[in-house]
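Every number for a ligand or one of its atoms is a count from 1 in the order of the listing. Here, residue 1 is the first one in the sequence, and each next residue gets the next number.
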Amino acid sequence: MKFFIDTADLSEIQEAKDMGLLDGVTTNPSLMKVAAERAGQPLDFADHIGKICDLVPGDVSAEVTAVTFDGMMIQGRELAAIRNNVVVKIPLILDGIKAIKALAQEGIRSNCTLCFSPTQALLAAKAGAAYISPFIGRLDDASSDGMKLVQEIIEIYSVYGYDTEVLAASIRHPMHVLESALMGAHVATMPLSVIKKLLYHPLTDIGLTQFMDDWSKFQEQS
Ligand code: E4P
C-alpha cells in the first residue's frame, strides 16, 4: 500500500519523508489555506506545489479551482507543467469527468476527488482517472459507511479491470487505514497525525521499558 500525506505544509511533508515511508502528497484548496496560515504569509500556488514536488519524488496532487470544462483544462495543463510528478486533482462533477478524459488524452494524469458514491467512481474510471479519491471520513461524518464505498469501488474496478488506483481519502484514524489495506486500496492519504498513530501501541512502550530496566539489572549483576 502506498502512503501519501494529506497536507500542503512543507515541514509536515519533510517529517513524513524522514520516516522513509512517504510515496506521495495530496493537497486541496483548504490545505493550501492552512499552509499559508502556518507560514504567516501568502503562498504562490504554483511555486508552493513545485516545492512539494521537489521534496517528494512520488505523485503530488494539486487541485483545480475552476468548475467549468474549459477552466479545468487551462488549469490542468498549467498544473501539469509545474513538474512531472504533478497529478491534477479534479472534482467529480460533469465538467470534471469531461476534463479528466480530455486531459488523459493529452497524457495528463488526474486524481478524481470528492467521490461519495460507487457510480461516481465508475464514471471516473471510464473517463481514465489515474486515481479515484473516496472520502471516507466525510461519509462517516454524515452517518454513512465510508469503508463500504471503498469496498464497492474496489469490487467494481476489479470486475472490469480498470487501472484507476483507489486512493482512500479523508482518513481520520488508523482503523480507516487498516480497513483500506485489508480491502486492497492502492493508496491511503492521511494527515501526519494518523501516520504517527499507525506506529503507536502501548504494549510496545511497556515492553521496551521492561526490557531496558531488565537490561540495566543484568549489567549490574555481571
Ligand atoms: C484528499 O485528497 C483530501 O484532500 C482529503 O483527504 C480530505 O480530507 P478531509 O475530509 O479530512 O478534509
* What is the distance from atom CZ of F4 to atom OG1 of T26, rounded to the nearest 0.5 Å? ->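 These two atoms lie 8.0 Å from each other.
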* Looking only at atom types and distance, does a side-chain atom of N111 sit under 3.5 Å from a main-chain N or O of S61, one as donor and one as acceptor? -> no
* Asked: Are any side-chain N or O atoms of S110 and backbone N or O atoms of I100, one a donor and one an acceptor, separated by less than 3.5 Å?
  -> no
* Once the angle between the rings of Y160 and Y162 is folded into 0 to 90°, is it parallel (under 30°), tilted (30 to 60°) or perpendicular (over 60°)? ->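 Aromatic pair Y160/Y162 classed tilted.
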* What residues form a side-chain contact (heavy atoms from CB on, under 4.5 Å) with Y200, not counting sequence neighbours? ->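 For Y200, the residues satisfying side-chain contact (heavy atoms from CB on, under 4.5 Å) (neighbours in sequence not counted) are P202, D205.
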* With E12 as reference, evaluate K17, R38, K196 under the salt bridge (Lys or Arg N to Asp or Glu O under 4.0 Å) test and give the passing residue. => R38
N/O to N/O under 3.5 Å, ligand 1 against protein:
unit_1   : atom_1 : unit_2 : atom_2 : d
ligand 1 : 2 (O)  : K89    : NZ     : 2.6
ligand 1 : 4 (O)  : D6     : OD1    : 3.0
ligand 1 : 4 (O)  : N28    : ND2    : 2.7
ligand 1 : 4 (O)  : K89    : NZ     : 3.1
ligand 1 : 6 (O)  : D6     : OD2    : 2.7
ligand 1 : 6 (O)  : S170   : N      : 2.7
ligand 1 : 10 (O) : R138   : NE     : 2.7
ligand 1 : 10 (O) : S170   : OG     : 2.7
ligand 1 : 10 (O) : R172   : NH1    : 3.2
ligand 1 : 11 (O) : R172   : NH1    : 2.7
ligand 1 : 12 (O) : R138   : NH2    : 2.8

